[in-house]
Protein chains: 4
Amino acid sequence: MAKQKSVAIRESILEAATKVFAKTGFYKAKALEIANKANIAVGTIYNYFKNKDDILISIFNERIGELNRTLISALQGVDDPDQRLSIILSSSISAMKNDREFAEVVTIELRQSSKFFSSTAISSVLEFLEIITDVIHDGQKRGIYRSDVDARVVAWTLLGSLENLLHIWVLSDRLPEVKHRYDISLEEGKETVERVLRRGLH
Amino acid sequence: MAKQKSVAIRESILEAATKVFAKTGFYKAKALEIANKANIAVGTIYNYFKNKDDILISIFNERIGELNRTLISALQGVDDPDQRLSIILSSSISAMKNDREFAEVVTIELRQSSKFFSSTAISSVLEFLEIITDVIHDGQKRGIYRSDVDARVVAWTLLGSLENLLHIWVLSDRLPEVKHRYDISLEEGKETVERVLRRGLH
Amino acid sequence: MAKQKSVAIRESILEAATKVFAKTGFYKAKALEIANKANIAVGTIYNYFKNKDDILISIFNERIGELNRTLISALQGVDDPDQRLSIILSSSISAMKNDREFAEVVTIELRQSSKFFSSTAISSVLEFLEIITDVIHDGQKRGIYRSDVDARVVAWTLLGSLENLLHIWVLSDRLPEVKHRYDISLEEGKETVERVLRRGLH
Amino acid sequence: MAKQKSVAIRESILEAATKVFAKTGFYKAKALEIANKANIAVGTIYNYFKNKDDILISIFNERIGELNRTLISALQGVDDPDQRLSIILSSSISAMKNDREFAEVVTIELRQSSKFFSSTAISSVLEFLEIITDVIHDGQKRGIYRSDVDARVVAWTLLGSLENLLHIWVLSDRLPEVKHRYDISLEEGKETVERVLRRGLH
DNA sequence: CATGAATGAGTCTTCATTCAT
DNA sequence: TATGAATGAAGACTCATTCAT
């Protein structure tokens, strides 16, 4: 029997691509550089992915899908909405901290992608939003959260807040100007967001 | 007068570029298409701008700079921090509503730019953040706003919320999936953000 | 038996390749598509043929070789040169009619091949020409055909006529323009060619 | 005023391409080599032609169009159909003799092109056929030529004969085998074709 | 200043062929 | 012998930018 398409190779391409996308940005990323970093030939990339877009989309969907699964299981058995939102923030932030390059890619490239790729390309992001929306909605139905706000808007803007928290973190490394004025740790940031939200939603 | 003429051309390039960037995204935008839309020759672009990057940066800085000036003057004489934040949101949103293509460009391309361009490229954005930060800081100093949150974080995450509000609005047009689930007007969105913030910050 | 099996595979590759060459042309034909059509793996092709060129050459030589053998046996015992030429035309045309895809390949790719491959690649075509030349030559020697024409030229140009007869037939399917103006059956075409030739050679 | 697209450059691209196509065949011809031969940059090619196909099509249509115009004017005032066919053969052959590389391209690549390009791509060839058909048709109407043959078939097969006459000539240079067996001059070939045709059509 | 033709570096992707299994 | 994943050379075409007019 001949060789089988290897999961390991696929994974190494995704990892290498994440690094290259983080460093140069999606558009300037070169297939050859990804291949080199993954220790394979350029052509091999195209045995696993249709094209560069497909790699980026796969990174998003697989990593965020993973995060979603983590979230869902972490939320199991937790009842308090505040605590649930806290878990969502913590889990998301810690996932990003553990893979800074993925954080950079999500922060920087996701917007572009949502606009210029199809909606299936960002299905996992929509799923992530769904999770947050459900938590808030549930809080509202149980009379814990105020009902005069739109749960979907809260979810979406919370995502924006989270993204920008990560964005400062990521930018600090490149731009001294930002580093100097906005030297804030992810934890401090999370704390502030949570405080505002906790009081703001009740 | 020569100077007059130049300003008009410069302006028409910026307008044309905004449209093209909105439609295709910065990286795929072609100088020739910008020139055509501006009714000038390609070469002329380079009499007014160093390169494509320079056009994008100019769009950001000039339009956001304008917004900043509008904000500053609108905030004149307004004392209440809640009202001031409300003015900031309203002005920003109405500026974007009046120039949807600019909204698309800001929403989609700003992130990329902040990362891969220098910090002067986004000086006006930093200035915008400064304005928000000051309002919150001022509210804290006057004992109106709680002091256990970081004003800079609030400002930055508020920007994230605002961006994502615009993002849904912009995305709705491209992705039916989003349109269907997140059919929210900018005004409704703003209302929710304000409510959470108002209670959350006190 | 192993040998038997091999011949079957070899044959199925030639058949599949003929179809693919007919559809896309030799240069754009993909080995993978040939393999798929032949229900084998790509690699297997290279156990039977040196390369893509080799497949095309084999198609030519084997099919035209077959035609040559058919011709030779059909000409056995026929004495009249006119009748012999008629047999050559009929047999050739009917062979092509029975394998339209091969007709397309011969018509379209033979020229290229004759130029860019070696002369052994087209040895069977040269043999085919030889057969025609001999018939004419023989007619001349027996005083039936005029002697003031060059038998080799007549053979070669007769081949050109035959090719173009097939060419109209093949083109008609792709180009409506041709179909419309040159809607001629192979039989009608053959009739005209024969009439001119019969009188022209005496 | 800026530079104008130059007819000279366009022409030099066509000339260079003809040479390269003759040498390597259309599919293996490299844009860079054409550019080098034409003393221009690769990109310049694409200011004048949409793509490689477009170059080949232009070569065909412009050169054969030219030939058609020459033929039409040469046929002016000539009454005798035999003489007219003779003129067509002579003019075509002499045009090819004067531009051997074009002859190679026509002989080798035209077939491919007729099949895989659109019919406008070969409009000039169809026009050439039209000219021949008209001559024969006219001969038939005037009772000089026999009426029991299809003028269109005669035209098309005559084209095949002409092509193969050129083909031997072209092949002789590459394949010693052919050179050895078919060492026939264009003029001798023409003579034979004309003799057969002249008697065959009356 | 305006023009737009010329430039040529740059890169994704294809696909025939190889070779380890 | 059959397989099909891996390979990597190869090349058409793009497009931002320049500069002669």
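Numbers restart at 1 for each chain; the letters A, B, ... are given by sequence-line order, proteins then strands.
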## Note on the structure
Closest to the side chain of B:Ser6, out of E:dC12, E:dC1, E:dA16, is E:dC1

### Nearest-neighbour nucleotide for the A:Lys5 side chain, F:dT18, F:dA5, F:dC13 considered
F:dA5

Tell me which donor-acceptor pairs under 3.5 Å the side chains of residues 21-31 of chain C have, and how far apart each pair is, sequence neighbours excluded?
unit_1, atom_1, unit_2, atom_2, d
C:Lys23, NZ, C:Glu33, OE2, 2.5
C:Thr24, OG1, C:Val20, O, 2.7

### Query
Of all residues at least two apart in sequence or in a different chain, which pass the side chain to side chain contact (heavy atoms under 4.5 Å, CB included) check with D:Ile57?
D:Asn61, D:Phe117, D:Ala121

### Query
Looking at residues at least two apart in the chain, or sitting in another chain, which of them share a side chain to side chain contact (heavy atoms under 4.5 Å, CB included) with B:Asn36?
B:Leu32

### Query
Want to settle it: does B:Asp53 or D:Asn51 sit nearer the 5' end of DNA chain F, counting the closest nucleotide to each?
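Final value for this comparison: D:Asn51.
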
Check the interface with nucleotides 8-11 of chain E: list each N/O to N/O pair with the protein under 3.5 Å, or write none.
unit_1, atom_1, unit_2, atom_2, d
E:dG8, N7, D:Gly43, N, 3.1

Nearest whole Å is fine: how far is [N] [atom2] from [X] [atom1]?
X: C:Phe26; N: E:dA16; atom1: CZ; atom2: C1'; value: 11 Å
X: C:Arg10; N: F:dA2; atom1: CZ; atom2: P; value: 13 Å
X: C:Ile34; N: E:dC15; atom1: CD1; atom2: P; value: 12 Å
X: B:Lys50; N: F:dA16; atom1: NZ; atom2: P; value: 16 Å
X: C:Leu32; N: E:dC15; atom1: CG; atom2: C1'; value: 9 Å
X: C:Ile45; N: F:dG4; atom1: CD1; atom2: P; value: 12 Å
X: C:Leu56; N: E:dA16; atom1: CG; atom2: P; value: 13 Å
X: C:Tyr27; N: E:dA16; atom1: OH; atom2: P; value: 12 Å

For [X], what residues pass the side-chain hydrogen bond (donor to acceptor under 3.5 Å, both in side chains) criterion, not counting sequence neighbours?
X: B:Glu66; answer: none
X: B:Asn51; answer: none
X: B:Ser123; answer: none

### Query
What heavy-atom pair brings B:Leu171 and A:Ser114 nearest, and what distance separates the two atoms?
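Of all heavy-atom pairs spanning B:Leu171 and A:Ser114, the closest is CD2-O, 3.6 Å.
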
### Summary
All heavy atoms of B:Leu56 vs all of B:Ser113, minimum pair found to be CD2-OG, 3.4 Å

### Query
Can you give the dot-bracket line for DNA chain F, using ( ) for pairs inside the strand, [ ] for pairs that cross earlier ones, | for pairs with another strand and . for unpaired bases, where Watson-Crick and G-U count if both distances are under 3.5 Å?
.||||||||||||||||||||

### Query
By a strict heavy-atom criterion of less than 4.0 Å, which residues belonging to residues 12-23 of chain B are in contact with DNA chain E?
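Output list: empty, so none.
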
### Query
What nucleic acid atoms does A:Ile9 come within less than 4.0 Å of, heavy atoms only: base, sugar-phosphate, or nothing?
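Touches sugar-phosphate only.
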
### Message
Classify A:Tyr48 by what it touches in the nucleic acid, base, sugar-phosphate, or nothing, heavy-atom distance under 4.0 Å.
### Response
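Sugar-phosphate contact only - A:Tyr48 comes under 4.0 Å of backbone atoms but never of a base.
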
### Task
Find which nucleotide of DNA chain E each of C:Tyr46 and A:Tyr46 is nearest to by heavy atoms, and output the residue with the more 5' nucleotide.
A:Tyr46

### Query
Could you state the interatomic distance from CD1 (B:Ile40) to CD1 (B:Ile13), rounded to the nearest 0.5 Å?
4.0 Å

### Query
Pairs in or reaching into residues 39-50 of chain D: which pass salt bridge (Lys or Arg N to Asp or Glu O under 4.0 Å), with residues at least two apart or in two chains?
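Those involving residues 39-50 of chain D do not exist here.
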
### Task
For residues 106-115 of chain D, pull every pair meeting salt bridge (Lys or Arg N to Asp or Glu O under 4.0 Å), keeping only residues two or more places apart or in separate chains.
C:Glu104-D:Lys115, C:Glu163-D:Arg111, D:Arg111-D:Glu163

### Query
Which ring-ring contact (aromatic ring centres under 6.0 Å, His included) pairs, counting each pair once, include a residue from residues 30-62 of chain A, with sequence neighbours left out?
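As it turns out, there is no ring-ring contact (aromatic ring centres under 6.0 Å, His included) pair with a partner in residues 30-62 of chain A once direct neighbours are skipped.
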
### Message
With a 4.0 Å cutoff (strictly under), does any side-chain N or O of A:Asn47 reach OP1 or OP2 of F:dA5?
### Response
no

